[in-house]
Asker: 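Below you will find the structure I want to go over with you.
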Amino acid sequence: MKKSSTLILLLCFAILFAGSINAQSKIGRLFSKSEANVLFGRVINSVQITTDQLREAVANAGDYIYITIKNNQAVFTNGKRQSLFRNRFMPFISRDEKMMVFSKAAIEDLLDHLNSSSSSAPDKSGNINTTASATVSVELRGETTTLSSGSYTLEWALACPPSCP
């Protein structure tokens with residue numbers, strides 16, 4: 001009897017563990033820009049990328065996107081520190097250099113909010129403004145890196161190292 005209950009208990013743990021291996025946790029949360037300024041401090045350095053570049057990084061990523069600014073360039077990599085931008089020079093990032101990690105799902109949330117909040121009303125000339133949120137700022141704020149565009153800022157990332165998914 002004791003042997004079968006131990007086996008059942010081990011089987012339950014194995015099932016729970018197997019389920020958690022494939023479950024991607026969402027890393028990152030959207031804040032208003034004013035909340036971000038209060039919570040994470042002022043922007044020390046900022047580099048602009050286009051929303052198309054951010055979409056390219058998301059399309060080329062696995063579950064997680066590693067972000068930093070180096071040599072005044074926005075750097076987006078995968079867990080192996082390989083660039084997520086095609087045909088673009090990227091400074092070398094060693095494994096011991098700190099990058100901030102966001103889940104792909106969190107960055108997609110930012111892009112979705114930008115798409116839903118962009119204005120499609122015509123301007124004075126009758127032209128429809130489709131570039132209202134055409135840029136994203138990669139921002140260094142003290143110990144963290146944020147992504148901001150429109151009225152949104154994405155933060156609550158993991159620092160890698162030490163926490164590298």
Side-chain angles (χ1 to χ4, degrees), residues 24-95 97-161 163-165:
Q24 175 200 354
S25 59
K26 192 172 191 179
I27 303 171
R29 180 180 156 213
L30 288 177
F31 296 89
S32 70
K33 281 192 176 182
S34 58
E35 282 180 301
N37 290 336
V38 170
L39 293 170
F40 310 113
R42 67 179 185 81
V43 175
I44 298 167
N45 187 16
S46 177
V47 176
Q48 305 292 314
I49 63 168
T50 66
T51 53
D52 287 341
Q53 288 173 314
L54 185 57
R55 284 186 186 95
E56 177 186 0
V58 167
N60 293 329
D63 290 335
Y64 302 101
I65 299 174
Y66 296 66
I67 301 172
T68 193
I69 295 176
K70 186 169 183 179
N71 299 337
N72 212 33
Q73 290 184 44
V75 179
F76 288 68
T77 73
N78 60 21
K80 295 178 182 178
R81 305 289 170 113
Q82 297 166 329
S83 178
L84 296 177
F85 296 124
R86 306 257 188 252
N87 303 318
R88 182 172 166 208
F89 171 77
M90 182 189 85
F92 174 75
I93 304 289
S94 68
R95 286 237 176 251
E97 286 182 73
K98 183 176 115 176
M99 296 186 81
M100 300 307 286
V101 182
F102 291 97
S103 66
K104 182 177 184 175
I107 294 177
E108 288 172 333
D109 284 350
L110 174 65
L111 287 169
D112 289 345
H113 276 80
L114 296 178
N115 289 338
S116 67
S117 67
S118 64
S119 172
S120 59
D123 63 13
K124 292 178 183 177
S125 305
N127 299 319
I128 293 178
N129 182 3
T130 58
T131 59
S133 295
T135 62
V136 175
S137 297
V138 180
E139 304 164 331
L140 292 180
R141 298 175 182 248
E143 294 295 315
T144 193
T145 302
T146 59
L147 296 177
S148 293
S149 188
S151 59
Y152 299 100
T153 296
L154 181 66
E155 217 299 9
W156 276 6
L158 291 177
C160 171
S163 300
C164 304

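Model, not experiment: these values are computed from the prediction.
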Asker: So, taking the atom named CG in Leu140 and the one named OG1 in Thr68, what distance separates them when rounded to the nearest 0.5 Å?
Answerer: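 Interatomic distance, Leu140 CG to Thr68 OG1, rounded to 0.5 Å: 6.0 Å.
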Asker: Look at Arg81 together with Glu97 and state whether they make a salt bridge at an N to O cut-off of under 4.0 Å.
Answerer: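 Judged by the 4.0 Å cut-off on N to carboxylate O distance, Arg81 and Glu97 do not form a salt bridge.
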Asker: Please examine the side chains of Met99 and Ile93, heavy atoms only from C-beta on, and report whether any two atoms are closer than 4.5 Å.
Answerer: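 Heavy-atom side-chain distance check passes, below 4.5 Å.
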Asker: Please answer whether the main-chain N or O of Gly28 pairs with a side-chain N or O of Glu155 as donor and acceptor at a distance below 3.5 Å.
Answerer: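 No, the answer is negative, given that no donor and acceptor are paired below the 3.5 Å cut-off.
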Asker: Between Asn37 and Arg42, do the side chains contain an N or O donor and an N or O acceptor separated by less than 3.5 Å?
Answerer: no
Asker: Please tell me whether Phe102 and Tyr64 form a close aromatic pair, meaning their ring centres lie under 6.0 Å apart.
Answerer: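 Phe102 vs Tyr64: aromatic centres not under 6.0 Å.
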Asker: Decide ring pair (Phe, Tyr, Trp, His ring centres under 6.0 Å) for Phe76 and Phe85; before the verdict, give the C-alpha distance in whole Å, the side-chain angles of both, and the deciding distance to 0.1 Å.
Answerer: CA-CA 7 Å; Phe76 288 68; Phe85 296 124; 5.3 Å; yes
Asker: Would you please name every residue forming a side chain to side chain contact (heavy atoms under 4.5 Å, CB included) with Asn71, sequence neighbours left out?
Answerer: Pro91
Asker: What closest approach, in Å, do Lys98 and Ala159 show between heavy atoms, and which atom pair accounts for it?
Answerer: CD-CB, 4.2 Å
Asker: Does Gln73 reach the side chain of Ile69, with side-chain heavy atoms less than 4.5 Å apart?
Answerer: no
Asker: Rounded at 0.5 Å granularity, tell me how far CZ in Phe40 sits from CD in Glu35.
Answerer: 8.5 Å
Asker: Considering non-hydrogen atoms only, spot the tightest contact between Ser163 and Val101 and give its length.
Answerer: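 Answer, listing the atom of Ser163 first, then Val101: O-CG2, 4.5 Å.
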Asker: Say you draw a straight line from OG1 of Thr51 to CD of Gln53; how long is it, rounded to the nearest 0.5 Å?
Answerer: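 So the OG1 of Thr51 and the CD of Gln53 are separated by 9.0 Å.
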Asker: Please report the interatomic distance CE(Met100) to CD1(Ile65), rounded to the nearest 0.5 Å.
Answerer: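 The CD1 atom of Ile65 is 14.0 Å from CE of Met100, to the nearest 0.5 Å.
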Asker: Would you say the side chain of Thr135 lies within less than 4.5 Å of the side chain of Ile49, judging by non-hydrogen atoms?
Answerer: no
Asker: Kindly indicate whether the side chain of Thr153, heavy atoms from C-beta on, has any atom under 4.5 Å from the side chain of Leu30.
Answerer: no
Asker: Heavy atoms, side chains only, cut-off 4.5 Å: are Ser148 and Lys33 in contact?
Answerer: yes
Asker: Looking at Ala61 and Lys104, what are the two nearest heavy atoms and their distance?
Answerer: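 In terms of heavy atoms, the two residues are closest at O-NZ, 3.3 Å.
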Asker: Do Thr77 and Met90 have side chains that get closer than 4.5 Å, going by heavy atoms?
Answerer: yes
Asker: What is the minimum heavy-atom distance between Tyr66 and Cys160, and which atoms define it?
Answerer: CE2-SG, 3.6 Å
Asker: The criterion is side chain to side chain contact (heavy atoms under 4.5 Å, CB included); which residues satisfy it with Val43, sequence neighbours excluded?
Answerer: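 Expected list: Ser46, Glu139, Arg141.
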Asker: Which heavy atom of Pro165 sits nearest a heavy atom of Ile27, and at what distance?
Answerer: CG-CD1, 4.2 Å
Asker: Could you tell me which non-hydrogen atom of Lys70 sits nearest to which non-hydrogen atom of Phe92, and how far apart they are?
Answerer: NZ-O, 2.6 Å
Asker: Run the numbers on Asn72 and Asn45 for side chain to side chain contact (heavy atoms under 4.5 Å, CB included), then give the verdict.
Answerer: CA-CA 8 Å; Asn72 212 33; Asn45 187 16; 3.7 Å; yes
Asker: Rounded to the nearest 0.5 Å, what's the gap from CG on Leu154 to CG on Leu110? Could you check?
Answerer: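 So the CG of Leu154 and the CG of Leu110 are separated by 5.5 Å.
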Asker: Kindly determine whether Leu111 and Val58 satisfy side chain to side chain contact (heavy atoms under 4.5 Å, CB included), including the steps that lead there.
Answerer: CA-CA 10 Å; Leu111 287 169; Val58 167; 4.2 Å; yes
Asker: Measuring from atom CG of Leu84 to atom CD of Gln82, what distance do you get when rounded to the nearest 0.5 angstrom?
Answerer: 9.0 Å
